[in-house]
Amino acid sequence: MPLNVPAPVIAIDGPSASGKGTVARRVAAALGFRLLESGALYRLVGLASRHRGVSSDDEPGLARVAAALDVRFEDDGIFLAGEEVSAALLEESSGTRASEVARHPAVRTALLGRQRAFRRPPGLVAEGRDMGTVVFPDAALKVFLTASVEERARRRYKQLIDKGIHANLAALSRDLAERDARDSARAVAPLAAAPDARQLESSELSIDQVVARVVRWYREGNPAGGGA
Ligand code: DC
């Protein structure tokens with residue numbers, strides 16, 4: 001790849017529990033690309049700010065926390081100021097807090113450079129809410145992954161139960177709908193498909209089918225692009 005051409009990006013956006021995380025990880029593995037789970041950064045800001053007693057309404061305070069985030073992404077976990085926080089980040093309360101801090105433009109701006117730094121050869125799969133619209137508008141492929149709220153609540157329920165975490169299907173469904181509404185209604189970088197994104201409704205598809213379709217779309221558009 002010529003030095004002056006930025007590494008290709010596949011942007012996968014969509015609502016909570018649409019399967020973005022699993023799909024992005026599998027597509028990255030299939031193509032040998034790096035992975036950015038941008039939601040983890042908002043979850044980390046939520047956690048770090050809570051530890052420091054910064055309110056989810058204090059935009060300048062949250063932006064300072066975001067800019068100074070002392071985080072390491074390692075193979076064996078995510079470390080915040082040296083402390084392993086992978087399990088804490090997965091809790092529903094971390095998702096809700098992340099969605100609250102993510103409303104603030106100054107927080108989003110503070111995380112932009114950190115997200116773009118993940119873009120390195122041979123390529124990047126980036127998943128979140130605004131990967132195709134704001135963070136990587138020049139992505140080689142943009143996918144907007146959806147599924148019905150019932151199906152997403154069922155998937156999240158199964159994920160939690162499999163991990164031994166107590167869950168309630170009705171409460172999950174309600175929380176997801178609330179989070180969707182907040183993520184879609186915010187003024188800055190709302191959850192929305194980029195005009196040039198390909199829509200993928202996954203309620204009736206298996207993970208394997210979704211992954212295969214994304215990899216095929218990428219290869220069709222980028223015949224020389226990575227992967228075996
Ligand atoms: O993808 P996730 O559930 O880990 O994301 C948690 C919250 O972070 C989500 O409800 C909204 C916010 N978020 C965001 O605003 N922009 C992103 N690119 C990713 C996540």
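Read the numbers this way: they start at 1 and go in the same order the structure lists the ligands and their atoms. For this chain, numbers begin at 1 and follow the sequence in order.
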Just by distance, no angles: are the side chains of Ser49 and Arg97 close enough, under 3.5 Å, to form a donor-acceptor pair?
yes
Please determine whether residues Val27 and Phe118 belong to a single hydrophobic cluster, defined as Ile, Leu, Val, Met, Phe, Trp and Tyr linked transitively by side-chain heavy-atom distances below 4.5 Å.
no
for atom 8 (O) of ligand 1, nearest protein heavy atom and its distance come out as Tyr42 CB, 3.6 Å
Give the single entry among Gly14, Gly46, Ala98, Gly39 that approaches atom 20 (C) of ligand 1 most closely by any heavy atom.
Gly39
So is Arg182 in contact with ligand 1, going by heavy-atom distances below 4.0 Å?
no
With heavy atoms under 4.0 Å as the rule, classify the contact between Glu92 and ligand 1 as side chain, backbone, both or neither.
neither
Where ligand 1 meets Asp183 - atom numbers and elements under 4.0 angstrom, heavy-atom basis:
9 (C), 10 (O), 11 (C)
May I ask you to identify, for Arg108, whether its side chain, its backbone, both or neither come under 4.0 Å of ligand 1 on a heavy-atom basis?
side chain
Is Gln115 close enough to touch ligand 1? Criterion: a residue heavy atom under 4.0 Å from a ligand atom.
no
Pick, from Arg43, Arg103, Lys20, Arg129, the option with the minimum heavy-atom distance to atom 4 (O) of ligand 1.
Arg43
Under 4.0 Å to a heavy atom of Met131 - the qualifying atoms of ligand 1, by number:
18 (N)
Arg182 and Glu178: CA distance, side-chain angles, deciding distance, salt bridge (Lys or Arg N to Asp or Glu O under 4.0 Å) verdict:
CA-CA 6 Å; Arg182 186 167 43 229; Glu178 263 173 34; 5.5 Å; no
Under 4.0 Å from any heavy atom of Ala102, which atoms of ligand 1 are there?
12 (C), 15 (O)
